[in-house]
Amino acid sequence: MKKIINDPETVVQDALRGMQAAHSDLLTVHHDPAVIVRADAPVAGKVALISGGGSGHEPLHGGFVGRGMLAAACPGPVFTSPTSDQVVDAIARTDGGAGALLIVKNYTGDVLNFEMAAELAETEVRSVVIDDDVAVKDSLYTAGRRGVGGTVLLEKIVGAAAERGDDLAACEALALRVIASVRSMGLALTACTVPHVGEPSFELADDEMEIGIGIHGEPGRQKVPVSTASEMVAALLEPILSDLPFSSGDRVLLFTNGMGGTPLIELYLAHGIAEQLLADRGITVERRLVGPYITSLEMQGMSITLLRLDDEMVELWDAPVHTPALRWGV
Amino acid sequence: MKKIINDPETVVQDALRGMQAAHSDLLTVHHDPAVIVRADAPVAGKVALISGGGSGHEPLHGGFVGRGMLAAACPGPVFTSPTSDQVVDAIARTDGGAGALLIVKNYTGDVLNFEMAAELAETEVRSVVIDDDVAVKDSLYTAGRRGVGGTVLLEKIVGAAAERGDDLAACEALALRVIASVRSMGLALTACTVPHVGEPSFELADDEMEIGIGIHGEPGRQKVPVSTASEMVAALLEPILSDLPFSSGDRVLLFTNGMGGTPLIELYLAHGIAEQLLADRGITVERRLVGPYITSLEMQGMSITLLRLDDEMVELWDAPVHTPALRWGV
Amino acid sequence: MIQDHRDELVRLDQAIGDADHGENMKRGFTAVVARLDAEPPDTPGKVLKLVATTLISTVGGAAGPLYGTAFLRAASAVGDASELDCDTVARALQAALDGVIARGKAAVGDKTMVDALTPAVAAASCAEGTVAAALAAAADAAAEGANSTVPMVARKGRASYLGERSAGHMDPGSRSTALLLRSFADTAAKS
Amino acid sequence: MIQDHRDELVRLDQAIGDADHGENMKRGFTAVVARLDAEPPDTPGKVLKLVATTLISTVGGAAGPLYGTAFLRAASAVGDASELDCDTVARALQAALDGVIARGKAAVGDKTMVDALTPAVAAASCAEGTVAAALAAAADAAAEGANSTVPMVARKGRASYLGERSAGHMDPGSRSTALLLRSFADTAAKS
Ligand SMILES: Nc1ncnc2c1ncn2[C@@H]1O[C@H](COP(=O)(O)OP(=O)(O)O)[C@@H](O)[C@H]1O
Ligand SMILES: Nc1ncnc2c1ncn2[C@@H]1O[C@H](COP(=O)(O)OP(=O)(O)O)[C@@H](O)[C@H]1O
Ligand SMILES: [Mg+2]
Ligand SMILES: [Mg+2]
Ligand SMILES: [Mg+2]
Ligand SMILES: [Mg+2]
């Protein structure tokens, strides 16, 4: 295992220290319990948007703390959900009197810990669960779809609504609308190695890739031979398109995401192919995001997320945001 | 070789198509010869800042085209300098009547091609050569130091000067001042694979890292056993500090850069260590940049760049910039 | 005890989950031991409560809230009794199982810790009368329950993403439940 | 010809450079062949000029401007002669070498293409009188010159970053120079 770390036991804490040093104008890092809070929190009269999850997906979630996005993020250990203590602390530190909306990615651990926190919190709290990964069957026989790339778009759009002063019920309703309109799928060319495990999370031969991977080093739907970029993009887009389904005339935001170890040149290449495929289907790409925004440590691979837009979502997407990882209009 | 590409022969062209699709508001991509030009070029009365180099270092340089930074970038094949034709074309397309300043990273190929272009161009052209890599001895017996991470800072600061209307001589003088004040060094945990080569550029055992690497998959000064992050950061910072030299009381910009395959959590961790080491030396970190901004394909590793700041550089660093990879104040 | 089995639990979770169960449990129980050493509570109920809050605040993942809820419910069942008799222990185990089911909504056969805890509760009979005997029976049953998860296809938790591919591996949470019960039984036998 | 040796040149450049010399040269000469086929120029000088501009606009790297300048200078030396005699060829080779040195500032012993081209120019004697013989001698000398770069420590170009570590490998540019001269010699022998 080759990593730029001192000790697997302290990797999250050490990285948080670096984040604090790099972005002290935007956020304040509290340790024990670990919470990353907007520098100007609590913001009076505004809904506090709070998320969190295992570490190792940076910039998600800490990199999205700041004006127009998250009020706080709760970083768990690598690939392990945070504890309810962290979430309770985040709620308390960001309480501006308008309640808190928790954005929970659909994993059993995250759901249970955020649920306990919501029960314990002293503020009015609502939770939404995002489950946009079409690689997982949503049936009685699974824990349901995972929350993946759509989370980034959800946090941006609902963050803008909270920033403009929408109340808790409005933020929740908007969040549910975004969740209903967003779908994602990912693939991996290489596995990643969790620091405290020390070996790759799954095996992939030199000529294999894994389609339908999650963001925690979980293997996916199937191992297949490595193909061309065009085939890869089609393998991700088709299940997304047929799921919602998206159809000709739809306006979408296309998010081409890197898994952490993917060079940007490859991401742009894949993005170009996706734009072409969507144009061929009569789907209009109105907004786009390209880059590594929700990652799995050093995993090489990509995911595609498609969000069906309406006018309000476009307006909120374009609204100013000032966080370590997303910034515009400020 | 596992890559998200269709064909090693067309990888740059295919990626440029994706870049165009993703950022049509900011830039226009011309093919044959390949040039990435600011969408609003030529900007009348402003110096056109132009750079370029081999591809595979994204977001450098194309990701820095836009308001307040580059007027144009010339992407060569992967790790191969662009041709003089591309540079001549970039100069012609961005000619706003105030001349062009070429930012050339010090590699023989880049220097020769930009030099030929400057001879052939019909506009007034000046060139500066950046050579900030302290891993290479600057002696009569080498091609001189390589241009690495300092290039990003140089393009931002001089781009801001060009944007505010500084003339060609002033931009050139400022560029030389930045070049004289900036130093970098990098290390690799893994090698990268150039698409048309198909195998890693150098060999590294499972417990080895390479100190002093360049950005083209060139091996570095020495192979050493993988160490802790604290030792890695010290191994990069010490040669940088003693070279200029930087000393107690200096104000600096600290740039912690990922080589393309490094997870952000590790970069933040390393950044935190670097901040601490500099604080211990009495050096004040006034500005910082953390992320993969000058990369070597999927290489895992990092580089550190330190720029000694003066008031004007701080002001120009903070000035608005609107490019695919760096954006603030807009 | 859990600490000694960290690597085994990590490996089990690596096969069908995300390779953190051993690390999560180790982190939690290391904290538990530290807090119990620092300020030993004076009743079994308080011990259980301290274990619960410590697990809730340190384990994270699915296992944190589930084990936390289990110990919290067990603490309530035990109340402020100063000594544990066999019936109280049996009631506490039942309460723990009810808590896990209430929180996680898993049933027997879903390939979770419920598959270890359910037979353990059933086996913790007080016919023989001693706490040690009841816990030993519970531990044996939990171990068998854990073994029974091997062929199962997971329907809850992270392993469920794998569908049919989850069969052939033991569920890590059922294994840690069996280990915990074994450690309670061993402690009871010694005292 | 160069195309056939792409992989060899890539491998040489991989050892002490950035593994692109073969790809760069292949890209350039593929374009050269295409352009010569499309619009065959009517004099040797125009051929050389077309080769020069094509290399300059397609090769990139260090080799593009160096070979481009070499062919440009050779074209000037040849002028508008309709046939090449031995003396013109010798002058053209000398002009090419001068151009490479003017642009790249390398001297013999720096481990560059200059180490192949310099002995080639010296060997291209017109004593025997035929172009074919002169070019054959030049090609032989260039091959030896390329071999002579193996033990050298590079002082120019990318290989110089390696310092002492550059010794023990042939310089890729000297090898491509030798290959080019061999191909000229073969062509001259056939015509
Ligand atoms: N809904 C559930 N009900 C009961 N137990 C569950 C449930 N979901 C998961 N588990 C248990 O939790 C264990 C996984 O714990 P752990 O690896 O620590 O958390 P995570 O799955 O979040 O990484 C599984 O092996 C299983 O026994
Ligand atoms: N200053 C120089 N003068 C003459 N030849 C040089 C010089 N620098 C490099 N070369 C030649 O160029 C060759 C490398 O070409 P190439 O690999 O195509 O470009 P790059 O080094 O830019 O990747 C070297 O092998 C050497 O022969
Ligand atoms: Mg987990
Ligand atoms: Mg090159
Ligand atoms: Mg787990
Ligand atoms: Mg080369």
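Sequence lines set the chain letters: A, B, ... in the order given, protein chains first and strands last, and positions in each chain run from 1. Computed from a predicted structure; not experimentally measured.
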ask   = Could you give all pairs that pass the ring pair (Phe, Tyr, Trp, His ring centres under 6.0 Å) test and reach residues 197-216 of chain A, with sequence neighbours left out?
value =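 Non-adjacent pairs meeting ring pair (Phe, Tyr, Trp, His ring centres under 6.0 Å): His57(A)-His216(A), Phe79(A)-His216(A), Tyr107(A)-His216(A).
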request  = Kindly indicate whether the side chain of Met232(A), heavy atoms from C-beta on, has any atom under 4.5 Å from the side chain of Leu187(A).
outcome  =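 Contact flag for Met232(A)/Leu187(A) side chains = yes.
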message = Is there a side-chain contact between Val252(A) and Leu307(A) in this structure, where contact means two heavy atoms from C-beta onward sitting under 4.5 Å apart?
response = no
key: Donor + acceptor pair across side chains of Gln20(B), Thr28(B) (<3.5 Å)   =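 No, no side-chain donor-acceptor pair sits under 3.5 Å.
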ask   = Can a donor-acceptor pair be found between the side chains of His196(B) and Glu9(B) at a distance below 3.5 Å?
value =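 There is no such pair between these side chains.
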ask   = CZ of Arg281(B) to CD of Gln276(B): how many Å apart, nearest 0.5 Å?
value = 12.5 Å
ask   = What distance do Leu306(B) atom CG and Leu278(B) atom CG have between them, rounded to the nearest 0.5 Å?
value =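 Going from CG on Leu306(B) over to CG on Leu278(B), the span is 5.5 Å.
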Heavy-atom pairs under 4.5 Å with chain B, option from [options] with the top count:
{"options": "Ser230(A), Gly258(A), Ala270(A), Ala229(A)", "value": "Ala229(A)"}
{"options": "Leu254(A), Val226(A), Asp206(A)", "value": "Asp206(A)"}
{"options": "Gly260(A), Gly63(A), Gly272(A)", "value": "Gly260(A)"}
{"options": "Thr256(A), Thr262(A), Leu189(A)", "value": "Leu189(A)"}
{"options": "Ile265(A), Leu267(A), Thr228(A)", "value": "Ile265(A)"}
{"options": "Gln13(A), Met1(A), Glu208(A)", "value": "Glu208(A)"}

request  = Name the option with the most non-hydrogen atom pairs under 4.5 Å to chain A; the candidates are Gly18(B), Ala15(B), Gly261(B).
outcome  = Ala15(B)
Which heavy atom of [X] sits nearest a heavy atom of [Y], and at what distance?
{"X": "Ala188(A)", "Y": "Leu204(A)", "answer": "O-CD1, 3.7 Å"}
{"X": "Ile4(B)", "Y": "Glu266(A)", "answer": "N-OE1, 2.9 Å"}
{"X": "Val290(A)", "Y": "Ala22(B)", "answer": "CG2-CB, 3.8 Å"}
{"X": "Leu60(A)", "Y": "Ile294(A)", "answer": "CD2-CD1, 3.6 Å"}
{"X": "Ser296(B)", "Y": "Gly217(B)", "answer": "OG-N, 4.5 Å"}

task = Please step through ring-ring contact (aromatic ring centres under 6.0 Å, His included) for the pair Tyr268(A) and His23(B), ending with a clear verdict.
result = CA-CA 10 Å; Tyr268(A) 274 124; His23(B) 306 294; 5.5 Å; yes
inquiry  = Just checking Glu203(B): does its CD atom have more than 12 heavy atoms from other residues, nucleotides or ligands closer to it than 6.0 angstrom?
reply    =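 Check fails, neighbour count at 12 or below.
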Is chain A contacted by the side chain of [X], its backbone, both, or neither, given a heavy-atom distance below 4.5 Å?
{"X": "Ile273(B)", "answer": "side chain"}
{"X": "Asn6(B)", "answer": "both"}
{"X": "Asp207(B)", "answer": "backbone"}
{"X": "Val233(B)", "answer": "neither"}

Heavy-atom contact with chain B under 4.5 Å, split by part of [X]:
{"X": "Met19(A)", "value": "both"}
{"X": "Val285(A)", "value": "neither"}
{"X": "Asp14(A)", "value": "both"}

query = Just checking heavy atoms, which of residues 317-330 of chain B are less than 4.5 Å from chain A?
reply = Pro324(B), Arg327(B), Trp328(B), Gly329(B), Val330(B)
ask   = Taking non-hydrogen atoms and a cut-off under 4.5 angstrom, which of residues 297-304 of chain A neighbour chain B?
value =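 Under the 4.5 Å heavy-atom cut-off, Leu297(A), Glu298(A), Gln300(A), Gly301(A), Met302(A) qualify.
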ask   = Can you check whether Thr193(A)'s main-chain N or O pairs, donor with acceptor, with Lys3(A)'s side chain at less than 3.5 Å?
value = yes
Non-neighbouring partners of Thr295(B) that pass side chain to side chain contact (heavy atoms under 4.5 Å, CB included), sequence neighbours left out = Pro292(B)
